[in-house]
Structures are given as structure tokens and as C-alpha cells.
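Here the structure is laid out as C-alpha cells; the discussion comes afterwards.
By convention in this document, chain letters (A, B, ...) are assigned in the order of the sequence lines, proteins followed by strands, and residues within each chain are numbered from 1. The structure displayed is predicted, hence computed values, not measured ones.
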Protein chains: 2
Amino acid sequence: MTRPTIDDIARRAGVSKSAVSFALNGRPGVSPATRDRILAAASEMNWRPHKAARALSGARSDAVGLVVARPAQTIGAEPFFGLLLAGLQAGLSARSIALHLMIVEDTAAEIEVYRRWTSERHVDGFVLVDLQHRDKRVPVLEELGVPAVVIGGPGGHGTLPSLWADDREAMLSLVDYLAALGHRRIAHVAGDEAFHHTRRRIRALKDAARRLDLVDAVSVPTDFSDAQGASATRALLSSPNRPSALIFDSDVMAVAGLAVAAEMGVAVPAGLSVVSFEDSLLTRIVHPAITALGRDTFALGGQVAAMLLAAIDEPGSVRDVQGATPRLTVRESTRAPYTEQGA
Amino acid sequence: MTRPTIDDIARRAGVSKSAVSFALNGRPGVSPATRDRILAAASEMNWRPHKAARALSGARSDAVGLVVARPAQTIGAEPFFGLLLAGLQAGLSARSIALHLMIVEDTAAEIEVYRRWTSERHVDGFVLVDLQHRDKRVPVLEELGVPAVVIGGPGGHGTLPSLWADDREAMLSLVDYLAALGHRRIAHVAGDEAFHHTRRRIRALKDAARRLDLVDAVSVPTDFSDAQGASATRALLSSPNRPSALIFDSDVMAVAGLAVAAEMGVAVPAGLSVVSFEDSLLTRIVHPAITALGRDTFALGGQVAAMLLAAIDEPGSVRDVQGATPRLTVRESTRAPYTEQGA
DNA sequence: GAGTTTTACTAAACCGCTCTAGTGAAACGG
DNA sequence: CCGTTTCACTAGAGCGGTTTAGTAAAACTC
């Protein structure tokens, strides 16, 4: 028993192939009665469109691509990633659009995939993550003329629509909070300076430090790994002017930093306040639970999906969108600094 | 300038369409000289096959599907997932096979996707994860006659080939180790009893307890969430006959359990040994680092990819494969129990 | 009620590739 | 040297849809 084609339906309903196509796609040109007959036949025979056949006739491929250039370890480790994926999925599956995932070594390979998938008509559009400073992928996607949505910004994403969060505002509110608690020495275990958002956060911290008259406000760049997060923390906690509060750019690094504090006998939050710029299960399950800036990554994925679908339906129609500004969830890892407390 | 088709190449090389198809697919029927001429023309024109057109002519769709019925939270939280994904990718991309990812609500929806994607010829095969007791998905995939590889087992996967790890052996070695350290009261914060591997582990613990004459060997089933992991731990640590060692079925629960111990003032490893059945970044970055059974999930993904590709190439040719038995990595969370130590 | 428009439907081309059947020429066999 | 096999290649029919052009009948128009 082979799968039914529209020809089979046509025969069964006693009409032509074209009539079936019209009926199944809700196009005019068939009477209501005939349409019902055709639809009934189709559902009786359990017909499903053959994606490839549809795609061949110039239609959509009904899939979007997500290509990520990150080491496998990172993909597994960062809850951000899985949540984004799940959110994207949820947004896409409602219209039964598939997500093609590809994990590659580096940006060059990533660009190669964009080229290939576009020319093979493999996907209808792309989601671009990890926006970098002077990102090489942006001009390629622009040149290919394929719909794409950038997560990140603002700025640096050319003419591609972007969904961005106000990293600057988030950092300022974070520092305000720590300063209000009485912290004067705040250090920042940052991410990779190649990333756009890392730069914005570093700059924001500098500005806030000047405004609030903080004693110290160092940003230490890392590659986002737990190893570098840990060693940056170790270095900062070993300095004679040990900071009383640490801001970590990722949840993974925050947890790693917490472990370093424990290992060095620095009590959190009594002797050190810890804040994460990224919230997730991780920050909640450790002890003490970490105060963190949270954004709804799952919802973010859904928003991106919606933007991309709109961009595919009507290229050029989608403008930049500002996502929700991350909100601070205070947990057990922050407190007024020990020294000021007595004052 | 529109994308070139094999017709364009044929014209340029002065041959027929069919000759081009033969040449590009390495099929016999063209002389070496002509073949070279055709390949040269194709690469000059930067030709790429149109996937849909290929798929339409009965060929493969060059994609495999991974459908997961789990809450979004879990996907993000468990490093296992991302690593598996990355490993699968690596194994597939070598032959430029795409991975279609779909995250759904429940098993019924998952089955629906299997049906749809198969009849739409959307993918050439599936990877099935989270094998359950009397899994309903297995008979469906068998009925559909689509190539599929199951992660999990042994047993319960019908005629589908499976890649399984020896959970029983792993549990036995774990308990042996704890018993050798002197632990007599061992408790097990298990996963979901609906899962095949959870049942095997519970049974293995019971057997080991009998053999080693352990005082106590309770298994507490959970839904794998950090919340249930934490509350199970809380209950176990509150009991009058508090266990001296806890085995957690997942890294997330182990970390959550560690936090509960800290919160209850139970020192790890002095007052309690903690072991995780799953290793990942999580178990390494917390303090104290958790002793864990590790398997190379990335490699596992690659192995599954290879099996699936073989099953697609030659249905029925793939047999069950036993994956590497997880090995114990001892870290800081295990030690001889306090009371026995003095004896 | 003749001319025009609309409606409901069909035939067939087309998308880009694969693959079978067929063809003419060269190579082989005895 | 003629019949057979092999070789290199071509023509053209699909694959399962979409879509355009065309047609016959029904519905309007005045």
C-alpha cells in the first residue's frame, strides 16, 4: 500500500488533479460542494503533502536553519541554548515549520553552511546567534538575500532585523543595586570581547562606576568557559583589594566562581556577593542560590520564531524589536558587604 | 542571475542532462574525459543540487529526525541533551545529513510527528531517546517501517536496533565502591520509573544490597526535576536512619541534592557522600565537585549517528550495540562514612 | 435573447533531478 | 567480415505537487 498522491484523490473524487490542488490549498476555483468532496476523499485516504514535491514547485521548504559555531561542551553546558532551541521550536511548530540544526567548528564553516543551505533551498531563513563585533556573517546573509533574524544588538547587524535586549540598562540596574547595598569594589567576570553584548556590558559598568564613584570596577574578559571563569575569580579574590561583589556574565561562570569562593574559604554572601547576568536552573539549584538577571529565554525563542516567520512571509517588513529588559531576581548570594555593614 | 540547473551545465559542457546527472553522481556511463568536463562546468557555475528535486525522484531526503517529548526546562537544564545533539550533529554532518529537531508536549504528539514526517518523506530515519517501559513509540516506528535507532535498553525496543549502556553493571560497580568505603546505608534518588533504565538501576541496587548485606538501600523515584530531587534528598536526610551515601540518577538532581545538604548543615563529604549517575560540567563546577559515573555523551551521539546512517543505507543490517560502560570519576564528594571511619 | 462576464473545472506545462530504455559506434569473437 | 557485445551517450518519462492557459456552461446585462 503506497502513499496516496493528489492523483489518487482526484480519481476518487472524480475531478482533475488541479481541482484537488485548489481545494487542498483553499484557493478559489472549486465549488463548496466539490471542495468538501475532495477534502473528504483526502482525509479518508489519509493524504499528506509530499514536502519535496511542494518545495520543487517554487514553494517554501518549510524549514528554518540555526547554525551554531561553538564547541560541543558549551552547547551542552549552557541552559540558554536548550531553552532558546525549545522556544524556537514552540514558535515554529505551530505552523509546522521544521528547525534544521547544525553545529560547526567556526565562523567560516558557519558561513559555508549559510551559502549551501541557501542555494540548495534547504531552508527559508536563518536565526543568527552570538552576534560578534564586526560580524562577518551579517554581510554574507545580506548578500544572499535570505530572510534572517539576529539575536543581539542593537547595532552591528546591518540591515537584518534584530531582537535585542538592553544589556546596558541591565548592567546599570545591577550596579545600582550592588552600590545601594553598599558595595564599592565591584568586579566583573566578563565574556568574550568579540561578542557585541560583552562590550556593551563592560562599557556600561565603566560608566556606572564613574557615576557612582566606585573605588574599583574591573572587567576581566574570558571565553565564557567554566575554567576561565574560575581562574578569573581566583585571581580577583587573591588580589589585595579583593572586590566585595562579583558580576558574572554567565550562569556557568557564576557557579564556577561560587565554587572557587568556597574552595578559598570566602563565604558567600557574608564575605562576597555574587551576581549572574544570566539566570537558569543552575543559579537556582546551587547553594547559596545566586542572585541573577533573568530573561525568559524560552519566550525569546518564540519571539525570534515569530519575527523570522514574518520576515519569510514578507521580506523587509520586519523591524528591530527590543526584547524585555532582564529583571533581577534576588536570591541568597547578595548582601551588604561585611565591612560597611558595621558602619 | 538565477541558480544553475543541470540543464545549464549540460548545455555548457555540450552533453545531455542525463550525462550530467551520471557524472555528478559518480555513476558509470560517461568517459573520464567527459566527466571531467562536466565537473569543471559544474564547479565553474557553482552548481549545487536542489535537495527537493533530488528527494522527489525517490531519493533520500538527507535528513534524520529527533523528536523529544520533554518540558522545555529539562532540555535546557540537562547537559546530556546538548551533548547528544552535538555528537549526533558531528556524526551526521560528515555526510552532510541534516538533523530535524522537534520538541513536543507528550508521547502522543511525538508519535504524531513520526507519522507525519514519515509520510511526508521529510526524514530518512529517527533517533529515539528516553526509552520507556512498554514504550508505545516502538511499535509505531516498526509499523511505519522507517529506519530508527533507540538509545537505551537492552530490551523493550522490539526489532529496532538499540545502543545501550550497561546500567546494571554501572550501578553494581558504584555500590561496590561505596560499600568498600564502608557505607552501609545507601539511598538512591532515582529517576522516573516509566523509564527503562531507571527500573534497571533500581533493581541492580536491590540486588547489590542483598549481596553486600547493606543495612538499607532505598530507591526514591522522582521525575528527574531538581525540585523532586531536592525534596527527596530532604526527606532522606531527615529520616532517623539517615543514609551515609546518596546516589543520584542525574547530574541536575545531584547538584540540587548537594544544595539541600548544605542548607541542612550536612557536610559533604564528611557527613554524607554524594554520587551522580551522570557526569557533566555541572558535577565538576560545583563545590565540592561530585564523584560521578561518566560516559562520553558526545561520542554516544556520534555512535548513534553512525548506526542510523547504516540502518538507512541497508535496512535490517544494524544489530544492537553495547556502548561503553560508564566509568567512575572520583572527585571530592565521596569519603568513608564518619561513624565507621573511627571503628 | 445575443453578448459579455463569471464560475467551475480540466489539460498540460513546469519545478530540477533521476533513471530506464534506446541508439549508434566501436570493440570483440570466431 | 558479419554478428554480438560493450561503451558512451541521449531522449524522455517520471517523482508529486503548483500554476497557467484554456473551455464549456451558467449567470448576468440591458
Checklist entry - Does the side chain of A:Trp47 get closer than 4.0 angstrom to OP1 or OP2 of D:dG17 through an N or O atom? => result yes
Next on the checklist: Just the rounded figure in Å: distance from P of D:dG14 to NE2 of A:His50.
Outcome noted: 17 Å
Checklist entry - Can B:Ser162 and B:Asp320 be counted as having a side-chain donor-acceptor contact under 3.5 angstrom? => result no
Checklist entry - Is a salt bridge present between B:Arg60 and B:Asp313, judged by a nitrogen-to-oxygen distance below 4.0 Å? => result yes
Checklist entry - Contact class for A:Arg48 (heavy atom, under 4.0 Å): base, sugar-phosphate, or nothing? => result sugar-phosphate
Checklist entry - Phosphate oxygens OP1/OP2 of D:dT19: is one of them under 4.0 Å from a side-chain N or O of A:Arg27? => result yes
Item to check | Whole-Å gap separating C1' (C:dA8) and CG (A:Asp36) | outcome: 15 Å
Next on the checklist: From C-beta outward on B:Ser21, which listed nucleotide comes closest to its side chain: C:dC19, C:dC9, D:dG14?
Outcome noted: C:dC19
Checklist entry - Please give, in whole Å, the distance from D:dG16 P to A:Leu24 CG? => result 15 Å
Item to check | Per B:Phe22 side chain, nearest of listed nucleotides D:dG16, C:dT18, D:dT10 | outcome: D:dT10
Checklist outcome for this item: Rounded to whole Å, the CG-C1' distance (A:Asn25 to D:dT19) equals 11 Å
Next on the checklist: Let's see if you get this right: which residues in residues 9-20 of chain B place a heavy atom under 4.0 Å from DNA chain C?
Outcome noted: B:Lys17, B:Ser18
Item to check | Test: B:Arg70 and B:Asp106 ion pair at under 4.0 Å | outcome: no
Checklist entry - Out of C:dC9, C:dT20, C:dC15, which has the shortest distance to the side chain of A:Thr34? => result C:dC9
Next on the checklist: For the residue pair B:Thr34 / B:Ser31, report whether a side-chain donor-acceptor contact shorter than 3.5 Å exists.
Outcome noted: yes
Checklist entry - When we call it a touch if two heavy atoms are under 4.0 Å apart, what does B:Asp7 touch: a base, just sugar-phosphate, or nothing? => result nothing
Checklist entry - To the nearest Å, how far apart are B:Leu56 CG and C:dC14 P? => result 17 Å
Checklist entry - Rounded to whole angstrom units, what separation is found between the CZ atom of B:Arg121 and the C1' atom of D:dG17? => result 14 Å
Checklist entry - Taking CZ from A:Arg3 and P from D:dG16, how many angstroms apart are they, rounded to a whole number? => result 7 Å
Next on the checklist: Below the 4.0 Å mark, does C:dT7 have OP1 or OP2 next to a side-chain nitrogen or oxygen of A:Ser31?
Outcome noted: no
Next on the checklist: Just to be sure I understand the rule, does B:Pro49 reach a base, reach only the sugar-phosphate, or reach nothing, if contact means heavy atoms closer than 4.0 Å?
Outcome noted: sugar-phosphate
Next on the checklist: Is the phosphate of D:dG16 approached by A:Arg54 (side-chain N or O, under 4.0 Å from OP1 or OP2)?
Outcome noted: no
Checklist entry - Is the shortest heavy-atom distance from the side chain of B:Thr118 to the side chain of B:Phe126 under 4.5 Å? => result yes
Next on the checklist: Output the rounded distance in Å from CD (B:Glu120) to P (D:dC15).
Outcome noted: 19 Å
Item to check | B:Arg54 and B:Asn25 side chains, donor-acceptor separation under 3.5 Å | outcome: yes
Checklist entry - When A:Arg137 is tested against each of A:Glu110, A:His157, A:Glu142 for side chain to side chain donor-acceptor pair (under 3.5 Å), which residue passes? => result A:Glu110
Checklist entry - Between A:Lys136 and A:Glu143, is the closest basic N to carboxylate O distance under 4.0 Å? => result no
